[in-house]
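Take a look at the structure set out below.
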Amino acid sequence: MPELPEVETIKRKLKDNILNEVIKEVNIYYPNIIENVSIDEFKSKLIGQQIIDMDRRGKWIIFVLNDYYLLSHLRMEGKYVYRKHDDEVEKHEHVAFLFESGLELRYRDTRKFGRMYLLDKEDAFNKKPLNELGLEPWDNSLTSDYLLDKYKTKKLPIKSVILDQSIIVGIGNIYADEILFKSHINPLCKTNELNSNDCDNIIKYTKETLEDAINLGGTTIRSYESTEGVHGNFQDNLLVHNHEGYSCPKCNTTIIKIRVGGRGTYYCPNCQK
DNA sequence: AGTGCGACCCGAACGC
DNA sequence: TGCGTTCGGGTCGCAC
């Protein structure tokens, strides 16, 4: 499940592989992937555009083109693969970008959950989805005061709020559990009951956890194949997520799994009170 | 406005 | 030669 570290890894890989390529042709096999423009508009605007940079905002990959930003969200299982134009289109390949060089980049997504937006560069940051995003983990504006202000009205459990992309971007279900464990915060704790020290810990361990994961190329659990998607190694460093029934690495208490806001949540009932 | 929940998807895992 | 059901994951839209 691509969260920020996986998306960052994929973005860097894309930059290595397709920087300066010029789009010659676009084929779409599952139109629902394209969110804010018609299929015809999507194709006609993209043809002739050059990949002049690759960027990332939260879990969104940004293809920086001459006149547009192409945004791509992988949701759970989206990935990019490189093919030749003649190669048969496989079952879960939904969008294909053919470049002048003959290389073809294909978007593959088993569950069809991923989405793409095509935005004019001019006002892209004033438009959905970019205008709804909170702070990057390394933004200097991310302080305990900022979090306290956002948290003070929220009665939801912190586990749910730490996933809220309008506050801090990039944290998904896996890293949320890890960050709360390192911060010694119970995932069910009401968000408005957290103090300044808790917020400092959340910020500190969000940065630390995501940095470590990026350095290891992200996390690979469940469905990710090793081919051209991301195959990271951070899964070996997970402390509580997916560790139901195992011992807490700090105190040896058995890690338990509960559901919070409908999501599987792992924590140590002794360390996180 | 804040909150809760189903919908979107489909392969894997599970239960019998 | 099993088959029907449940689960999970991020986000949106709708109902309260």
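In what follows, chains carry the letters A, B, and so on, assigned in the order in which the sequence lines appear, proteins first and then strands, with residues in each chain numbered from 1.
Distance, I158(A) CD1 to dT3(B) C1': 16 Å, rounded to whole Å. Counting to the nearest Å, the P atom of dT11(C) and the CH2 atom of W60(A) are 8 Å from each other. Summarising the geometry, the separation between CZ on R108(A) and C1' on dC10(B) is reported as 16 Å, rounded to the nearest angstrom. Across the protein-nucleic acid pair, K79(A) atom NZ and dC10(B) atom C1' stand 13 Å apart, rounded to whole Å. Between the CZ atom of R75(A) and the P atom of dC12(C) there is a distance of 6 Å, given to the nearest Å. Atom C1' of nucleotide dG8(C) and atom CZ of F113(A) are separated by 9 Å, given to the nearest angstrom. Atom P of nucleotide dC7(C) and atom CG of N173(A) are separated by 15 Å, given to the nearest angstrom.
The side chain of R263(A) places an N or O atom within less than 4.0 Å of a non-bridging phosphate oxygen (OP1 or OP2) of dG10(C). Close to dC10(B), at under 4.0 Å from its OP1 or OP2, lies a side-chain N or O of K112(A). The phosphate of dG10(C) has neither OP1 nor OP2 within less than 4.0 Å of any side-chain N or O from Q165(A). Using a 4.0 Å cut-off, no side-chain N or O of R111(A) falls inside it from OP1 or OP2 of dG10(C). For K154(A) and dA1(B), the shortest distance from a side-chain N or O to OP1 or OP2 is not below 4.0 Å. Proximity of H92(A) to the phosphate of dC10(B): no side-chain N or O atom is located under 4.0 Å from OP1 or OP2. Distances shorter than 4.0 Å separate some side-chain N or O of K91(A) from OP1 or OP2 on dG11(B). Within the 4.0 Å cut-off from OP1 or OP2 of dG13(C), at least one side-chain nitrogen or oxygen of K128(A) is found.
At a cut-off of 3.5 Å, with distance as the only test, a side-chain donor of H85(A) or E104(A) sits close to an acceptor on the other residue. Remark: the S141(A) side chain and the D139(A) side chain contain an N/O donor-acceptor pair separated by less than 3.5 Å.
Heavy atoms of D109(A) sit nowhere under 4.0 angstrom from any nucleic acid atom. Looking at heavy-atom distances under 4.0 Å, K257(A) makes contact with sugar-phosphate atoms alone, never a base.
When K257(A), R263(A), K159(A) are each tested for a salt bridge (charged side-chain N to carboxylate O under 4.0 Å, His left out) with D177(A), only one passes: K159(A).
Distance from the side chain of T110(A) is smallest for dG11(B) among the nucleotides dG11(B), dT11(C), dT3(B).
E208(A) is listed as a side-chain neighbour of K182(A), based on a closest heavy-atom distance under 4.5 Å.
Here the two rings, on Y80(A) and Y107(A), have centers that are under 6.0 Å apart.
In this entry dC7(C) has dG11(B) as its Watson-Crick or G-U wobble partner, both defining distances falling under 3.5 Å.
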